[in-house]
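Scroll down for the structure; my scribbles are underneath it.
Residue numbers start from 1 in every chain, and the chains themselves are labelled A, B, ... in the order their sequence lines are given, proteins ahead of strands. These numbers come from the heavy atoms of this one structure, side chains and all, not from hydrogens, waters or symmetry mates.
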Protein chains: 2
Amino acid sequence: MISHKIVPNISVDCVVFGFDFEKLNVLLVKREMKDNGSGAVLINDHTLAGYHIFEDEDLDSAATRILRGLTGLDNIFLEQFGAFGQLDRVSSPKDKMWLDYINQGFADRIVTVGYLALIDNTKVTLTLKDRDVSWFPVSMISDMEMAFDHKYLFYKAIEALQRKVKVEPIAFELLPDYFTLSQLQKLYEALLGTSFDKRNFRKKVAQMHYVIPLKKKQQGVPHKPAQFYLFSREVYEKTRKGRISFII
Amino acid sequence: MISHKIVPNISVDCVVFGFDFEKLNVLLVKREMKDNGSGAVLINDHTLAGYHIFEDEDLDSAATRILRGLTGLDNIFLEQFGAFGQLDRVSSPKDKMWLDYINQGFADRIVTVGYLALIDNTKVTLTLKDRDVSWFPVSMISDMEMAFDHKYLFYKAIEALQRKVKVEPIAFELLPDYFTLSQLQKLYEALLGTSFDKRNFRKKVAQMHYVIPLKKKQQGVPHKPAQFYLFSREVYEKTRKGRISFII
DNA sequence: GAACTTTGTGTACATTGTACACCAATAAAC
DNA sequence: GTTTATTGGTGTACAATGTACACAAAGTTC
């Protein structure tokens, strides 16, 4: 195992989204610290998945490394949603105490690059070695305590996600390889916080020739089985349109 | 004058766009270095407007500071388009020689945050003290020599610009307060590299209630004078629509 | 086989996009 | 002051897309 030198004032934070066919979730890491003597709980909240970058890796690699550590997966969809360098990012007493505790000292000035990650929930089983990592419904985040400016980063991430999802077919990254149209619809509804008419939704999907029906159907469901579809990036790339439309 | 401590491994680069009613231009800074003895030209190319950040300023402030230095203007439209941390960003012999020459040594690892800036050409007069800063048509960039990975950053910036301009009314930042519809149309054509039908374009603009006709008309032009319009951000914010439309 | 649950389909209307051609208003030239 | 050159400004017919809306079909469970 090679030990890498970290860059003390640059880090990467990943906002990892997953979809359980009902709602959107985010992956958070528990942060816990007790007083050595009394055992009193000093810190008990959550952070995004993040770490410093190493001297010898670029930003995308750092994000990939962090996600591999948490989920065991490579090849996760990743996209930057911003760089954050506010002076007071890491300034609360708790946060300083924490950095001291985990022995990172405090660079008084850390710039972090935010990454949006979309993962297919069915491919991940958490509860690996550490159960400090778990999924939380995005609707719950507003009521949670979070470290540093991570709640702010989360909001920025979800804004970016909603913006991008309307314009690029990245939502499919949150679904398994085969999915039904109802699952797709629920996903978009969860992402955008709206609801769609079933017939109109399907009419629209029918025009997306890169969403391809398979011969396969659902099995063992207590109702009419749905047909499976798959997303083809190749077809998408070949058939994308001009989309000139500055908005009203 | 206070002297600030710089953060050696973090910088900000600004891709500054302007519009001269004919084409899009970018602001570049000349980089020149001659051999002390022979006077031979060792480096003669261009860089984006960029510098390290200071310990006591955040990223946006750094970008604002850099632009104030170049243009004399505050209140310039600014938006991040990415963070760049490739290991080989600053690696060519020329670039190393240059960093040595301007006495910055070489941090072997610099992360830069890219900012897109849109400025109203009519408000800037360059040729201040230094004439090392000047406008170049974006169409010319592909043939130019540029420092570091700045050509790459430029392409990323223009991609982001084209994406955003279709979806948010930021193009107006490139126009004077009062403008004609023909100027607006030429601007969009320059930005997107397309051309529009005049009547259809105007029909579309007519639906944007935040583009407001004024009583004023052009004067002294050798043809029918055009009406002036203005962009109202307030009206825009109040009337923006839902725009749910994941793309085909 | 009855009850339950989710799938899958079509039509009428409104809105938006697109293709296309001519007169109007001004300054400059004569 | 008449002509010329140049850009500004307008409407209509058709195609494509968005939207509102209701019911039968295919499975499982009991």
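The structure places NE2 of H150(B) at 5.0 Å from CG of L48(B), a figure rounded to the nearest 0.5 Å. Rounded to the nearest 0.5 Å, atoms NZ (K123(A)) and CG (D177(A)) are 4.0 Å apart.
When rounded to the nearest whole Å, the span between CG of D197(A) and P of dG10(C) equals 14 Å. Between F201(B) atom CZ and dG9(D) atom C1' there is a gap of 14 Å when expressed in whole angstrom units. Separating the NZ atom of K204(B) from the P atom of dG9(D) is a distance of 20 Å, rounded to the nearest angstrom. Here dT18(C) presents its C1' atom at 13 Å from CZ of F196(B), a figure rounded to the nearest Å. Atom C1' of nucleotide dG8(D) and atom OH of Y229(B) are separated by 10 Å, given to the nearest angstrom. As rounded to whole Å, 12 Å separates atom C1' of dT5(C) from atom CD of Q218(A). Atom CG of N200(B) is separated from atom C1' of dG11(D) by 11 Å (rounded to the nearest Å).
Here S182(A) lies in heavy-atom contact (under 4.0 Å) with sugar-phosphate atoms only. Using a 4.0 Å heavy-atom cutoff across all strands shown, Q227(A) reaches sugar-phosphate atoms only and no base atom.
The backbone N or O of I170(B) lies less than 3.5 Å from no partner atom in the side chain of E173(B), so there is not a single donor-acceptor pair.
For R202(B), the side-chain atoms get nearest to dG8(D) when compared with the rest of dT26(C), dG8(D), dA26(D). In the set dT7(C), dA24(C), dT29(D), the nucleotide with an atom closest to the side chain of K224(A) is dT7(C). Listed nucleotides: dT26(C), dT28(D), dT7(C). Nearest to the side chain of P222(A): dT28(D).
Toward the 5′ end of DNA chain C lies the nearest nucleotide of H223(A), the other residue of the pair K217(A) and H223(A) mapping further downstream.
Side-chain atoms of K198(A) come within donor-acceptor range of the base of dG8(C), with a qualifying N/O pair under 3.5 Å. Judged by distance alone, with hydrogens and angles left aside, K203(A) brings no side-chain donor or acceptor close enough to the base of dT9(C) to form a pair under 3.5 Å.
Closest of all the heavy-atom pairs between D45(A) and M146(A) is OD2-C, 4.2 Å.
Taking the centre of each ring, F179(B) and F231(B) stay at or above the 6.0 Å mark.
Residue R199(B) places no side-chain N or O under 4.0 Å from the OP1 or OP2 atom of dT18(C).
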